[in-house]
Amino acid sequence: MTPVEKALWFIEGHFADSIELDDIAAAGGVSRFYLTRAFVAATGQSAVRYLRGRRLSEAARALAAGAPDILAVALDAGYGSHEAFTRAFRDLFGTTPEQVRAQGHLDNVTLVEPIIMNQTLLPHLEEPRLVDGPPMVIVGLDMRYSCESSKAVPSQWQRFAPHIGNIAGQRDAVAYGVCHDADDDGNFNYLTGVEVDDAARVPSDLAKVQLKPQRYAVFAHREHVSTIRRTVHTIWSRWLPQSGHEVADAPNFERYGPEFDARTGLGGLEIWLPLKT
């Protein structure tokens with residue numbers, strides 16, 4: 001079993017208990033930092049959000065079955081007050097606990113059901129090369145995403161494209177997609193940018209990320225850009241656990257060289273994963 005599969009098994013058997021992210025990571029045999037990123041890569045959502053969804057889904061079932069005490073249901077779901085439970089319930093389902101109990105059914109409620117891992121890993125992943133990356137300054141368009149809203153990343157590239165070649169101090173024709181400032185809930189910043197000289201002036205409508213000197217495992221993704229998630233899933237679920245390396249708490253990025261054709265999505269790219277040394 002991969003670390004994510006172990007984590008899913010643990011969540012499903014213990015979500016009614018008082019478990020937290022550290023407990024889930026321990027069940028997967030990895031750190032909370034590793035588990036957070038591997039879980040998103042494998043499932044498209046964070047472990048914290050999935051745990052919350054499973055608890056609230058069971059609470060919704062209890063309410064639809066006529067549970068008389070909403071506060072007791074809230075406490076069983078891990079919430080300390082009726083107000084906090086109602087807020088989380090409404091955010092997830094778009095309705096209130098009172099409404100679900102009154103209607104006595106779940107026809108209009110989309111529950112978070114157990115995840116069945118059916119994504120196949122790549123049968124063959126090229127061995128990465130290890131690179132000591134120099135410090136870099138990347139300037140571009142920076143956006144904050146959740147797992148759900150990250151589907152909008154391609155449109156961010158479209159908005160950034162006119163800036164390529166028009167940013168003062170741009171060093172070359174390489175573009176970067178930098179993931180940084182991720183949190184335990186699966187939210188992260190994604191910067192579409194180019195490398196600039198250290199002293200380059202950042203335009204007012206753009207942002208910058210400074211990458212420190214860092215050891216990276218560099219993976220080639222040679223298929224269409226739309227299949228990148230399968231490669232990332234394979235890196236986190238198979239290569240990293242077997243490699244003997246530990247991932248560093250630093251930005252990771254995609255590197256799009258001159259051979260990449262943004263119009264067709266073909267030509268290949270590289271995935272740079274930071275490693276502890």
Side-chain angles (χ1 to χ4, degrees), residues 2 4-21 23-24 27-28 35-120 143-156 182-188 190 226-230 232-233 236-237:
T2 68
V4 173
E5 288 171 326
K6 292 176 182 177
L8 285 169
W9 184 270
F10 179 77
I11 290 172
E12 206 52 40
H14 298 275
F15 66 75
D17 303 330
S18 180
I19 60 172
E20 299 180 352
L21 183 59
D23 303 306
I24 301 170
L35 191 277
T36 298
R37 282 129 187 97
F39 202 96
V40 170
T43 70
Q45 61 182 301
S46 72
V48 171
R49 187 177 294 272
Y50 176 68
L51 173 62
R52 184 186 308 132
R54 291 294 296 126
R55 286 172 168 166
L56 289 172
S57 293
E58 292 308 305
R61 285 193 171 96
L63 291 167
D69 189 343
I70 292 180
L71 180 58
V73 174
L75 294 173
D76 287 343
Y79 292 87
S81 69
H82 186 290
E83 292 76 14
F85 175 65
T86 298
R87 185 165 54 251
F89 196 95
R90 184 189 296 112
D91 288 345
L92 182 62
F93 299 126
T95 187
T96 66
E98 288 82 3
Q99 289 170 325
V100 169
R101 186 177 64 178
Q103 69 188 23
H105 65 78
L106 297 169
D107 295 347
N108 59 333
V109 178
T110 303
L111 300 177
V112 177
E113 300 291 6
I115 291 176
I116 305 299
M117 292 294 293
N118 56 8
Q119 281 191 306
T120 57
M143 303 294 294
R144 187 74 174 170
Y145 291 103
S146 65
C147 294
E148 293 76 15
S149 66
S150 63
K151 295 176 183 178
V153 164
S155 65
Q156 179 180 335
D183 62 25
D184 290 343
D185 211 24
N187 305 306
F188 64 96
Y190 186 79
S226 64
T227 64
I228 189 173
R229 182 173 165 182
R230 190 180 181 200
V232 172
H233 178 26
W236 282 94
S237 294

Is a side-chain donor or acceptor of Tyr50 paired with a backbone partner of Ile115 at a separation under 3.5 angstrom?
yes
Within the structure provided, determine whether Phe89 and Val100 are in side-chain contact (heavy-atom separation under 4.5 Å).
yes
Output yes when Arg54 and Glu58 qualify as a salt bridge under the 4.0 Å nitrogen-oxygen rule, no when they do not.
yes
Backbone N/O of Val112 and side chain of Ser57: donor-acceptor pair under 3.5 Å:
yes
What closest approach, in Å, do Ala42 and His233 show between heavy atoms, and which atom pair accounts for it?
CB-CE1, 3.4 Å
Working to the nearest 0.5 angstrom, can you tell me the gap between Phe93 CZ and Leu111 CG?
5.5 Å
Those residues that, when tested against Ser146, pass side-chain hydrogen bond (donor to acceptor under 3.5 Å, both in side chains) (two or more places apart)
Glu148, Ser149
Is there side-chain contact between Arg101 and Ile70, with heavy atoms separated by less than 4.5 Å?
yes
Mind checking whether Asp23 and Phe10 have side chains closer than 4.5 Å, heavy atoms only?
yes
Just so I know, are the side chains of Glu98 and His82 near enough to count as touching, which here means a heavy-atom distance under 4.5 Å?
yes
Should Leu71 and Phe85 count as side-chain neighbours, where that means a heavy-atom distance under 4.5 Å?
no
When you measure from the side chain of Asp183 to the backbone of Asp185, do you find a donor-acceptor pair of N or O atoms at a distance under 3.5 Å?
yes
Working to the nearest 0.5 angstrom, can you tell me the gap between Thr86 OG1 and Gln99 CD?
10.0 Å
Rounded distance [0.5 Å steps], NZ in Lys6 versus CD1 in Ile11:
14.5 Å
Tell me, do Ile24 and Phe39 make a side-chain contact under 4.5 Å, heavy atoms counted?
no
